Amino acid sequence: MTRDGQGPRSDSPDLRRTQELFWDLIADPQGVRTGLAKLRASGEMDSVDLSFMIRGDDRLAPEDRLDIYASMYFYRLRDSLAEDFPKVAAVIGGAAFHNLITDYLLAHPSRHWSLRHLGASFAGFLANHDLSRSRPFLADLARLEWARIEMFDASDADVLTREEAAVAGPELHLALIPAATILSIQWNVAPIWRHLEHETSPDDGGGSNSAAVTGDTHEEFAAPAAVERPEEKKTPILVWRKGFAVYHRTLQPIESPCLEVVLRDGVVLPDLCEILMGGEKEPDAQAAMQTVAGLLGRWLEDGLVVKPGFVSS
Amino acid sequence: MTPATKPLDIGQGVGLRREHFARVLAESTSVDWFEVISENFMVDGGRPLDILMRVRRDYPVVMHGVSLSIGSTDPLDTDYLERLRQLAERVEPSWVSDHLCWTGVGGHNAHDLLPMPYSEEALEHVISRVTRVQEKLGRRIALENPSSYLTFAASSLSESDFLAEVAKRADCGILLDVNNVYVSSVNHRFDPVAYLDAIPRDRVWQFHLAGHSDHGAYLLDTHDHPVADPVWNLYRHAVGRFGAVSTLVEWDAKIPEWDVLEAESLRARELRDEIVAAQPQIQTEGAS
């Protein structure tokens, strides 16, 4: 007998079945009662209410009590994704984002212990969503936002300095730090990102992952932000972390193939000269060497090159 | 593994949140220790991890998790446990805690602290899993009582009796969240003082204090307000029963300026010192 004087019901499901039913009902975007009706219609359960599993009282029926958890489930995950994709949310507005996340969570419920990974499939999902018909650049904007998150907490590395590079000479082995990646996107969303940046606060990832939510579901949705449709142009974008700040920049045509091979394989400087000459981007070895020296200077300034021999802990 | 012993009182702490990173690193504070959400730092690199290690140089740190899912009927997540173990090895926390709850089933994760039925079946299940987790981590853990908004028809035990039995048989500690006791006592109409009195004295390693929201038909554990007066009153009773136990003020949403949080923490310290000074015998009492 519990302290409230109520004994256990003998027809209650076992722990496994209780948890499965609980999950099915809180994950239904139309609420617990609708979820219950669906389970009855499909023959998965025959009870008309949840009193066999959850106790109600004069204040709240069992279904109302479970609905508290259903609301917290959705709003917590929606708010987490809004923090991860503030620019996508701004472009489509709060109401459309709310509905988008409803669709996304049905297709991609969280399967990882950390909320950090919830948005991993978001850009791909968005690419095939109806919203992308009128705004086909949305998925690329999401890719950029996700890449910035990925770089934010990627592994640390010791970065090569200009002085160390000078000492090493032409046989210096070039490899990029773990917190660097190159996106190849179809729409040049960098200007939209920049335009929206002053309206959304950057996420530095150290916030609460706690069990608490405000429970404030009576919200006013933000209107869509006014943005110009970006140029449809295949654009390579470098995303990386320097120190603890995440940056991105559009790569120039001459830089992109070089950096891609550095990222993929690691190279020595003469390899880069051959790439430039082979692609007929530079006419001769001297011009190629000058270009490579310029690129290397920029990469060192950006903190992109890992110190040779560095082993991540 | 050696039997669980009640850790030393490390004083008054607050949760380490990004809004206060700069303040905490720039100047000294009046708090004695920080609690971190373990999962926020179970990452490969970057700023949060760096800040955690810098804070750790100056303060004791407690690792408080939200994803252990000790009550789930899914298998224990070995990847999660390994990452948790690695972080604990690096941080050397005063202790590691999580919640008496489940967070998902069927491979899904709700990222919420979902309630357990307090049945004999669930009791055996949780005890078995706590034992395995402690073996994997190579340390004892403390489990926190969650706030809850429903109770199960299958329950045959009260939450306090369930928690006490888990602590005793799995040989783990209890993180007693005084606000959660109060919130659940209103939501389920039980006596919060009787709840505290059912918890064994020697198992309580830490207290939590936090704010909640009144939604009319129920209270919601929102951590977005100052600690409410009834919770302060219950804290008085808790200190009277359990003595000088490490206490943490949680504030996770609508996070205030550092000074406001620090003042709330100081209030807990003053209250605790006042009660302990008036009842010096409670510091030396043994197991109930």
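From a predicted model like this one, the values you see are computed outputs, not experimental measurements.
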Participant: Using non-hydrogen atoms only, which part of A:Leu15 is less than 4.5 Å away from chain B: side chain, backbone, both, or neither?
Facilitator: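 The answer is both parts of A:Leu15.
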Participant: Please verify the inter-ring angle class for A:Tyr75 with A:His98; under 30° counts as parallel, over 60° as perpendicular, anything in between as tilted.
Facilitator: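 Aromatic pair A:Tyr75/A:His98 classed tilted.
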Participant: Looking at chain A, which one of B:Cys101, B:Ala122, B:Pro115, B:Gly65 has the largest number of heavy-atom pairs inside 4.5 Å, strictly under?
Facilitator: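 That would be B:Pro115.
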Participant: Is A:Asp24 paired with A:Lys38 through a side-chain N to carboxylate O contact shorter than 4.0 Å?
Facilitator: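 No, no charged N to carboxylate O under 4.0 Å.
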Participant: Side chain, backbone, both or neither: which part of B:Met116 has a non-hydrogen atom closer than 4.5 Å to chain A?
Facilitator: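 The answer is the side chain of B:Met116.
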Participant: If I take atom CZ from residue B:Arg17 and atom CH2 from residue B:Trp251, how far apart are they, to the nearest 0.5 angstrom?
Facilitator: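 CH2 of B:Trp251 is found 13.0 Å from CZ of B:Arg17.
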Participant: Go through the atoms of A:Ser80 and report whether side chain, backbone, both or neither lie under 4.5 Å from a heavy atom of chain B.
Facilitator: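 Looking at A:Ser80, nothing touches chain B.
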Participant: Go through A:Gln19, A:Arg9, A:Arg65 and name the one with the most non-hydrogen pairs under 4.5 angstrom from chain B.
Facilitator: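 Maximum pair count with chain B is reached by A:Gln19.
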Participant: Answer with side chain, backbone, both or neither: which region of A:Phe52 has an atom nearer than 4.5 Å to a non-hydrogen atom of chain B?
Facilitator: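 Contact with chain B involves the backbone of A:Phe52 alone.
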Participant: Between A:Glu20, A:Arg116, A:His112, which shows the greatest number of heavy-atom pairs under 4.5 Å with chain B?
Facilitator: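 Ranked by contacts with chain B, first place is A:His112.
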Participant: Which answer fits A:Ile54, side chain, backbone, both or neither, if we ask what part of it has an atom under 4.5 Å from a heavy atom of chain B?
Facilitator: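 Both backbone and side chain of A:Ile54 come within 4.5 Å of chain B.
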Participant: Quick check for you: to the nearest 0.5 Å, what is the distance between A:Leu304 atom CG and A:Tyr247 atom OH?
Facilitator: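 Interatomic distance, A:Leu304 CG to A:Tyr247 OH, rounded to 0.5 Å: 11.5 Å.
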Participant: Give the minimum heavy-atom separation between B:Met63 and B:Pro93, together with the two atoms involved.
Facilitator: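 In this case the closest contact between B:Met63 and B:Pro93 is SD-CG, 3.7 Å.
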Participant: In terms of heavy-atom proximity below 4.5 Å to chain B, should A:Ile26 be classed as side chain, backbone, both, or neither?
Facilitator: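 Answer is side chain: those atoms of A:Ile26 sit under 4.5 Å from chain B.
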Participant: Using heavy-atom distances under 4.5 Å, tell me whether A:Ser12 contacts chain B through its side chain, its backbone, both, or neither.
Facilitator: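 Side chain only.
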Participant: Go through the atoms of B:His64 and report whether side chain, backbone, both or neither lie under 4.5 Å from a heavy atom of chain A.
Facilitator: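 Neither part, no heavy atoms under 4.5 Å.
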Participant: Please flag which part of B:Asp77 lies under 4.5 Å from any non-hydrogen atom of chain A: side chain, backbone, both or neither.
Facilitator: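 Side chain only.
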Participant: Rounded to the nearest 0.5 Å, how far does CG of B:Leu113 lie from CH2 of B:Trp102?
Facilitator: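 B:Trp102 CH2 to B:Leu113 CG: 11.5 Å, rounded to 0.5 Å.
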Participant: Do you know which of A:Val246, A:Ile68, A:Leu50 has the most heavy-atom pairs with chain B at a distance under 4.5 angstrom?
Facilitator: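 The residue among A:Val246, A:Ile68, A:Leu50 with the greatest pair count is A:Ile68.
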Participant: Looking at B:Leu52, B:Leu68, B:Thr73, which has the largest count of heavy-atom pairs under 4.5 Å with chain A?
Facilitator: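 When all of B:Leu52, B:Leu68, B:Thr73 are compared, B:Thr73 has the most.
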Participant: Counting heavy-atom pairs closer than 4.5 Å to chain A, which one of B:Ser69, B:Ala217, B:Gly216 comes out on top?
Facilitator: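 Counting heavy-atom pairs under 4.5 Å, the top option is B:Ala217.
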Participant: For A:Arg111, is it the side chain, the backbone, both or neither that has a heavy atom under 4.5 Å from a heavy atom of chain B?
Facilitator: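 Both the backbone and the side chain of A:Arg111 come within 4.5 Å of chain B.
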Participant: As an exercise, state the distance from CZ of A:Arg17 to CE of A:Met45, rounded to the nearest 0.5 Å.
Facilitator: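 If I round to the nearest 0.5 Å, the distance is 7.5 Å.
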Participant: Do the rings of A:Phe22 and B:Phe152 sit parallel, tilted or perpendicular, given the 30° and 60° boundaries?
Facilitator: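 Tilted.
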Participant: Between B:Ser148 and chain A, with a heavy-atom cut-off of 4.5 Å, which part of the residue counts as in contact: side chain, backbone, both or neither?
Facilitator: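 For B:Ser148, backbone and side chain are both near chain A.
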Participant: What class does the angle between the rings of A:His117 and A:Trp113 fall in, given that below 30° is parallel, 30 to 60° is tilted and above 60° is perpendicular?
Facilitator: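 If you compare the ring of A:His117 with that of A:Trp113, the planes turn out perpendicular.
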Participant: Please say whether the positively charged group of A:Arg249, taken as NZ for Lys or CZ for Arg, lies over the ring of A:Trp240, i.e. under 6.0 angstrom from the six-membered ring centre and within 45 degrees of the axis.
Facilitator: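 Yes; both conditions hold, so A:Arg249 lies above the ring face of A:Trp240.
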Participant: For A:Asp14, which atoms come within 4.5 Å of any heavy atom of chain B: side chain, backbone, both, or neither?
Facilitator: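 Interface part for A:Asp14: both.
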Participant: Could you check, using the six-membered ring where one of them is a Trp, whether B:His212 and B:Tyr182 have ring centers closer than 6.0 angstrom?
Facilitator: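 B:His212 vs B:Tyr182: aromatic centres under 6.0 Å.
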